[in-house]
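Chain naming here is simple, since letters A, B, ... match the order of the sequence lines and numbering starts at 1 in each.
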Amino acid sequence: MPELPEVETLRRALERELIGRRLQSLDIYEPRLLQNASEEELQRALVGQTLQSVGRRAKFLLFDFGPHTAVLHLRMTGWPTLTPVQTPRFVFRFDQKKTLYFSDPRRLATLHLVPTAHAHTLPPLNGLGIEPFQPTYTLKNFLALLQTDQEIKRLLLDQRKIAGIGNIYACEALFASRIHPQRPAKSLSRAEARRLFAQIEKILARAIAEQGTTVKTYRRLAGESGNFQNFLAVYDRAGEPCVRCQTPIERLTQGGRGTYFCPTCQHRV
DNA sequence: AGTATAACCTGTCTGC
DNA sequence: TGCAGACAGGTTATAC
């Protein structure tokens with residue numbers, strides 16, 4: 001469900017609500033979310049600690065509790081909220097009556113416990129690629145990634161190469177750059193690559209400003225929808241006229257994911 | 001090397 | 001109304 005803009009929107013709200021709060025208890029109701037630590041290990045590491053910050057790396061949320069950090073990935077339907085939910089997968093109770101509930105109907109979310117000092121050198125954060133808005137996101141680094149025959153859309157979704165982009169924003173960035181999603185990455189001209197490099201950050205920034213895209217299940221911390229769905233040009237719009245040229249938007253499948261594009265604006269050559 | 005498919009899960013929507 | 005099938009914002013293992 002959530003990509004970089006949605007996770008960033010949640011991060012900002014979580015930080016605003018929970019920073020400086022001391023964790024009083026934590027209960028796990030869905031142990032399958034735990035990847036590398038038991039409920040007891042999490043409790044031992046985190047209960048009694050004060051939340052220092054809520055960070056983000058790509059689509060991961062980082063709850064920094066001082067010595068240890070809890071790393072959460074929302075996958076498709078994960079949703080942290082301060083409003084009680086029907087079937088919470090876990091609950092973090094803080095002082096001053098602040099409680100964090102985590103909903104996840106599909107149970108695909110993941111939670112890791114890592115020592116804060118080494119968080120970025122350990123799973124699941126190690127191995128992530130360059131990230132928009134970080135110092136690693138340079139045109140030079142981006143161009144280096146493109147030296148492969150892999151389809152450009154698939155490359156944009158490969159978190160080991162470039163981290164944070166998901167299906168919606170990959171489709172939107174390619175449309176804005178007028179690049180066909182099945183083009184081999186290394187077939188892009190310098191001008192096309194530069195357009196794509198710039199459009200990725202432009203679209204992600206706009207999506208953050210609009211507090212994310214709600215197509216189905218994504219909700220902000222307090223339950224409101226995002227706004228960026230009102231600005232989508234191609235995603236989930238198969239059959240509708242292209243906003244640039246009126247040609248019907250088409251859908252194809254790449255790596256089992258739906259790809260939406262305009263066959264007129266996004267040339268195969 | 002690169003792609004397709006299935007798997008992990010559940011909920012929702014579409015078409016017959 | 002009922003039911004099968006498709007599909008979903010993510011990631012990963014396995015097979016061609």
Side-chain angles (χ1 to χ4, degrees), chain A residues 1-11 29-36 56-61 71-80 85-89 102-112 123-129 131 145-175 180-187 200 203-204 207-208 210-220 225-239 250-260:
Chain A
M1 154 176 83
E3 309 180 29
L4 188 155
E6 289 73 37
V7 178
E8 177 62 18
T9 299
L10 288 164
R11 185 200 69 76
Y29 302 105
E30 183 47 76
R32 88 183 324 275
L33 302 195
L34 306 185
Q35 303 299 304
N36 70 343
R56 179 185 58 75
R57 170 76 168 108
K59 303 173 192 174
F60 291 90
L61 283 169
V71 182
L72 178 66
H73 197 301
L74 310 178
R75 294 289 189 106
M76 295 295 270
T77 55
W79 180 44
V85 296
Q86 275 207 335
T87 312
R89 302 310 188 189
F102 187 69
S103 166
D104 183 25
R106 289 178 69 176
R107 296 188 289 166
L108 296 172
T110 60
L111 186 63
H112 285 78
L125 301 182
N126 62 342
L128 288 172
E131 178 171 334
L145 288 181
L146 300 186
Q147 302 314 308
T148 165
D149 282 323
Q150 189 177 34
E151 293 173 347
I152 186 61
K153 159 85 173 343
R154 296 180 60 118
L155 185 146
L156 294 181
L157 293 181
D158 187 342
Q159 304 296 301
R160 294 165 306 180
K161 293 176 178 164
I162 177 167
I165 301 172
N167 209 27
I168 293 177
Y169 301 109
C171 293
E172 295 297 315
L174 287 167
F175 172 79
H180 192 287
Q182 289 179 314
R183 292 268 302 280
K186 71 180 178 192
S187 77
I200 286 169
I203 287 170
L204 293 178
I208 293 169
E210 297 292 343
Q211 309 200 73
T213 300
T214 298
V215 174
K216 290 191 173 69
T217 61
Y218 163 71
R219 290 291 181 278
R220 290 156 54 193
S225 295
N227 298 316
F228 195 70
Q229 64 277 9
N230 297 315
F231 302 95
L232 297 176
V234 289
Y235 182 80
D236 203 24
R237 300 194 56 177
E250 291 184 9
R251 179 188 188 277
L252 56 80
T253 299
Q254 290 175 283
R257 320 290 307 282
T259 296
Y260 300 86

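- Whole-Å rounding puts the A:Y218 OH to B:dG11 P distance at 22 Å.
- At the phosphate of B:dA4, neither OP1 nor OP2 sits under 4.0 Å from any side-chain N or O atom of A:Q254.
- Between the P atom of C:dG10 and the CG atom of A:L128 lies a distance of 14 Å, rounded to the nearest Å.
- Nucleotides C:dC3 and B:dC8 have their P atoms positioned 25 Å apart, rounded to a whole Å.
- Dense packing is recorded around CD of A:Q147, with more than 12 heavy atoms of other residues, nucleotides or ligands lying under 6.0 Å away.
- Under 4.0 angstrom from either OP1 or OP2 of B:dG2 there lies at least one side-chain N or O belonging to A:T148.
- When all heavy atoms are compared, the tightest approach of A:N167 to A:R257 is CB-NH2, 3.6 Å.
- Distance CG/A:L72 to CZ/A:F60: 9.5 Å, rounded to 0.5 Å.
- As judged by a 4.0 angstrom heavy-atom cut-off over every strand, A:T110 is placed among residues making no nucleic acid contact.
- Within 4.0 Å of A:G256, counting heavy atoms only, lies at least one base atom of the nucleic acid.
- Among the heavy atoms of the strands lying under 4.0 Å from A:Y235 are primed sugar atoms or P, OP1, OP2 only; no base atom is included.
- Rounded to the nearest 0.5 angstrom, A:N230 CG and A:T214 OG1 are separated by 9.5 Å.
- A:R160 comes within 4.0 angstrom of nothing in the nucleic acid, heavy atoms only.
- The distance from atom CZ of A:F102 to atom CG of A:L74, rounded to the nearest 0.5 Å, is 5.0 Å.
- Between the base of C:dA8 and the side chain of A:R257 there is no donor-acceptor pair shorter than 3.5 Å.
- Between the side chains of A:Y169 and A:E6, at least one donor N or O sits under 3.5 Å from an acceptor N or O.
- Regarding A:E151, its CD atom lies at a distance of 8 Å from the C1' atom of B:dG2, rounded to whole Å.
- Two residues, A:G255 and A:P2, neighbour DNA chain C, and the one matched to the more 5' nucleotide by heavy-atom proximity is A:P2.
- Set against C:dG10, B:dG11, C:dA8, the side chain of A:Y260 has C:dA8 as its closest nucleotide.
- Taking atom P in both B:dT10 and C:dT1, one finds a spacing of 26 Å when rounded to whole Å.
- Taking the side chain of A:K59 as heavy atoms from C-beta on, and the options C:dT11, B:dT10, B:dG2, the nearest nucleotide is C:dT11.
- To the nearest whole angstrom, the two C1' atoms, one in C:dG10 and one in B:dA1, are 23 Å apart.
- For A:D149, taking side-chain heavy atoms from C-beta onward, the closest of the listed nucleotides B:dG2, C:dT11, C:dG10 is B:dG2.
- For the pair A:N167 CG and C:dG10 P, the computed distance is 6 Å after rounding to whole Å.
- Side-chain nitrogen and oxygen atoms of A:R75 include none within less than 4.0 Å of the OP1 or OP2 phosphate oxygen of B:dC8.
- Checking C:dG10, C:dA8, B:dA4 against every side-chain atom of A:R154, the shortest atom distance belongs to B:dA4.
- Counting to the nearest Å, the P atom of C:dA13 and the CG atom of A:D158 are 13 Å from each other.
- Going from atom CG of A:L72 over to atom P of C:dG10 covers 15 Å, rounded to whole Å.
- Counting any heavy atom pair closer than 4.0 Å across all strands shown, A:T214 reaches a base atom.
- The nearest whole Å value for the distance from the CZ atom in A:R237 to the C1' atom in C:dC7 is 19 Å.
- If you take CZ of A:R107 and C1' of C:dG10, they are 17 Å apart, rounded to a whole angstrom.
- At C:dT11, one or more side-chain N or O atoms of A:H73 fall inside 4.0 Å of OP1 or OP2 (strictly under the cut-off).
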